[in-house]
Amino acid sequence: MFLIKNLTRVSPSTSSSILTRFRNSGSSSSSSYTLASRFCTAQETQIQSPASNGVDRSQYEGLRPTREGEKPRVVVLGSGWAGCRLMKGIDTNLYDVVCVSPRNHMVFTPLLASTCVGTLEFRSVAEPISRIQPAISREPGSYFFLANCSRLDPDAHEVHCETFTDGLDTLKPWKFKIAYDKLVVASGAEASTFGIHGVMENAIFLREVHHAQEIRRKLLLNLMLSDTPGIAKEEKQRLLHCVVVGGGPTGVEFSGELSDFIMKDVRQRYAHVKDDIHVTLIEARDILSSFDDRLRRYAIKQLNKSGVRFVRGIVKDVQPQKLILDDGTEVPYGLLVWSTGVGPSPFVRSLGLPKDPTGRIGIDEWMRVPSVQDVFAIGDCSGYLETTGKPTLPALAQVAEREGKYLANLLNEIGKANGGRANSAKEIELGAPFVYKHLGSMATIGRYKALVDLRESKDAKGISMTGFVSWFIWRSAYLTRVVSWRNRFYVAINWFTTFVFGRDISRI
């Protein structure tokens, strides 16, 4: 970001003299000239791209459109499963890659619940984008910008961005624009609150590393506060009551990890409060609804053995120290984790693009947004338009990853056919459309037990299993799916040290 500010805030006269010196300095400075010339000032853009559609471009500062002799630019909005898989597979001999995201890493979400209780360290589930696509840190035309996209201008082939400052009052967000040849929206989704009062203010979600860190700190804080002399019994029980709302794989896996932590670590190191700490899982319908009925019954049985209480109900209101169910039941809590699925983010809702029935960006079978040129959408932020006749795919990591892989291959083929430039791929044959085949589902439920369901759908025939063997398959599968060997080594070592020495309970 320092580079952007210093290159784009140069005055027009100074910029012209700098570029003149670069041109006259010979081959030794050719790479520096290439880098500087990719950025433009307000005056340069006003000459190159006059105002259109009522938009004042006199304030344009950022990455200018690509020129002849330069590689086409693919701009990726987001660094989740879909966006990172696309960046990993894109051919950087054909394209420059620019990623815009409020985080500089990908989160390996299947193992995120394990970090909340110290089974894994946080770095084990975070993969830097520069490792996923090294060109971003090496190539002169590829960049990563820590920013959010605020607006899309498909007619001008531009995205409007604002730097992400993480709430720091000392840093004023810097606004800039990026011209693209191909745009991939992979900004993901946000946690669904269903408009329930108090969820955003009092609950903690489990989608990012900082969420896991917040859960861990809150859990350990409550354990230590509950041991304070003179604390009332009711307050002690409230502090030690962990409530999980949502019976999907994330909620169930977190409940299992939490129950393991309580049974194996809390009872040894917090003996004074071991009988007062409890976990409650609240779900409106059935837990793990996408799994086989036999697996679901097994999961409920094992969770009950681990001390997890299952409550069927709908949350109507969330207050700072208690939540209220639809039947009027009040449930006090010290830690509230909300995991009820995802929905379209405010950014996706604000885009003037066609939407699917669930409010996500509407796409065709080739991941294209049909109403605009050179715009694609993948991952949780996208869904098939009704005109395709296809159902919206579930918001799963395996869906997003395969969409990213498919689109990377598609863009590579377009680039090889000289269609990488803006508005140049209209007549290119795109080949086979995207087809998703479900590979199955897995979930760990604690106590060295897991569920493995390898059927293509809930009604199809296939392999499903439970118990220790399933747990071993779950761990083996995810260990091999971790992006880099570096993080695979971290995960394996963390699992080994946790097994031998127990979980770390330091509150850092």
Side-chain angles (χ1 to χ4, degrees), residues 80-82 85 107-114 125 188-189 191-192 206-207 244-260 281 283-303 306 308 310 337 339-343 358 378-380 383 390-406 434-483 491:
W81 281 87
R85 185 60 185 84
V107 179
F108 193 81
T109 48
L111 297 179
L112 189 60
S114 298
V125 299
S192 295
L206 187 52
R207 294 180 55 78
V244 182
V245 179
T250 301
V252 169
E253 289 189 336
F254 175 70
S255 299
E257 287 281 355
L258 195 54
S259 65
D260 267 3
L281 177 62
E283 170 57 46
R285 298 180 181 85
D286 296 321
I287 69 168
L288 300 173
S289 58
S290 62
F291 284 73
D292 178 73
D293 290 341
R294 180 180 66 86
L295 302 186
R296 288 177 34 250
R297 290 193 296 270
Y298 178 84
I300 293 173
K301 179 181 177 181
Q302 293 301 319
L303 288 171
S306 300
V308 178
F310 176 62
V337 177
S339 177
T340 58
V342 296
T358 64
I378 53 177
D380 295 350
K390 292 188 174 184
T392 297
L393 296 174
L396 299 175
Q398 62 174 295
V399 175
E401 183 182 32
R402 251 173 292 164
E403 286 181 345
K405 180 180 180 180
Y406 169 84
F434 175 75
V435 177
Y436 172 69
K437 182 180 179 181
H438 188 62
L439 298 180
S441 303
M442 296 185 292
T444 179
I445 52 177
R447 301 178 67 187
Y448 303 110
K449 293 179 175 62
L451 314 176
V452 174
D453 191 349
L454 300 181
R455 300 171 304 157
E456 289 188 27
S457 66
K458 191 174 180 179
D459 300 322
K461 294 182 179 180
I463 299 173
S464 60
M465 61 183 73
T466 61
F468 177 80
V469 173
S470 298
W471 174 84
F472 183 80
I473 293 173
W474 177 86
R475 281 209 165 180
S476 301
Y478 282 134
L479 183 62
T480 60
R481 298 302 298 164
V482 172
V483 178
V491 169

*Which heavy-atom pair separates A400 from G379 by the least distance, and what is that distance?*
CB-CA, 4.0 Å
*Mind checking whether V244 and V308 have side chains closer than 4.5 Å, heavy atoms only?*
no
*Atom OG of S441 and atom CG of L396: how far apart are they, to the nearest 0.5 Å?*
6.5 Å
_If I compare all heavy atoms of L288 with all of A299, which pair ends up nearest, and what's the gap?_
CD1-CB, 3.9 Å
*asked:* Is it the case that over 12 heavy atoms from other parts of the model lie below 6.0 angstrom from the NZ atom of K390?
replied: yes
_Tell me every residue that passes side chain to side chain contact (heavy atoms under 4.5 Å, CB included) with Q302, counting only those two or more places apart in sequence or in another chain._
Y298, K305, I445, R447, K449
*asked:* Under the rule for salt bridge (charged side-chain N to carboxylate O under 4.0 Å, His left out), what residues qualify as partners of D286, not counting sequence neighbours?
replied: R296, R312
*Residues forming a side chain to side chain contact (heavy atoms under 4.5 Å, CB included) with P391, sequence neighbours excluded*: none
*Using side chain to side chain contact (heavy atoms under 4.5 Å, CB included) as the criterion, list what pairs up with V483, not counting sequence neighbours.*
M106, E127, I132
*Minimal non-hydrogen separation, P110 against E253, with atom names*: O-OE1, 3.7 Å
*Taking only residues two or more places apart in sequence, or in another chain, which ones meet Q398 in a side chain to side chain donor-acceptor pair (under 3.5 Å)?*
R402, Y436
*Could you check if a side-chain atom of F291 sits within less than 4.5 angstrom of a side-chain atom of V252, using non-hydrogen atoms only?*
no
_Suppose we screen for salt bridge (charged side-chain N to carboxylate O under 4.0 Å, His left out). Which residues come up paired with E401, at least two apart in sequence or across chains?_
R481
*asked:* If I compare all heavy atoms of A395 with all of V342, which pair ends up nearest, and what's the gap?
replied: CB-CG2, 3.7 Å
*Is there side-chain contact between V491 and L111, with at least one heavy-atom pair below 4.5 Å?*
yes
*If you measure from CH2 on W474 to CE on M465, what distance do you get to the nearest 0.5 Å?*
16.0 Å
_Qualifying residues under salt bridge (charged side-chain N to carboxylate O under 4.0 Å, His left out), relative to K437, sequence neighbours excluded_ = E456
*Go through the steps for V337 and L258 under the test side-chain contact (heavy atoms from CB on, under 4.5 Å), then give the verdict.*
CA-CA 11 Å; V337 177; L258 195 54; over 6 Å; no
*Considering residues at least two apart in sequence or located in another chain, which fulfil the salt bridge (charged side-chain N to carboxylate O under 4.0 Å, His left out) criterion with D453?*
R455
*Who passes side chain to side chain donor-acceptor pair (under 3.5 Å) against T109, sequence neighbours left out?*
W81
*asked:* Just to verify, what does T340 make a side chain to side chain donor-acceptor pair (under 3.5 Å) with, not counting sequence neighbours?
replied: W338
_Looking at every non-hydrogen atom in both residues, tell me the closest pair between E257 and S114 and how far apart they are._
OE2-OG, 2.8 Å
*Taking it one step at a time, do L303 and F310 satisfy side-chain contact (heavy atoms from CB on, under 4.5 Å)?*
CA-CA 8 Å; L303 288 171; F310 176 62; over 6 Å; no
*Looking at residues at least two apart in the chain, or sitting in another chain, which of them share a side chain to side chain contact (heavy atoms under 4.5 Å, CB included) with S339?*
T250
*Considering residues at least two apart in sequence or located in another chain, which fulfil the side chain to side chain donor-acceptor pair (under 3.5 Å) criterion with T466?*
none
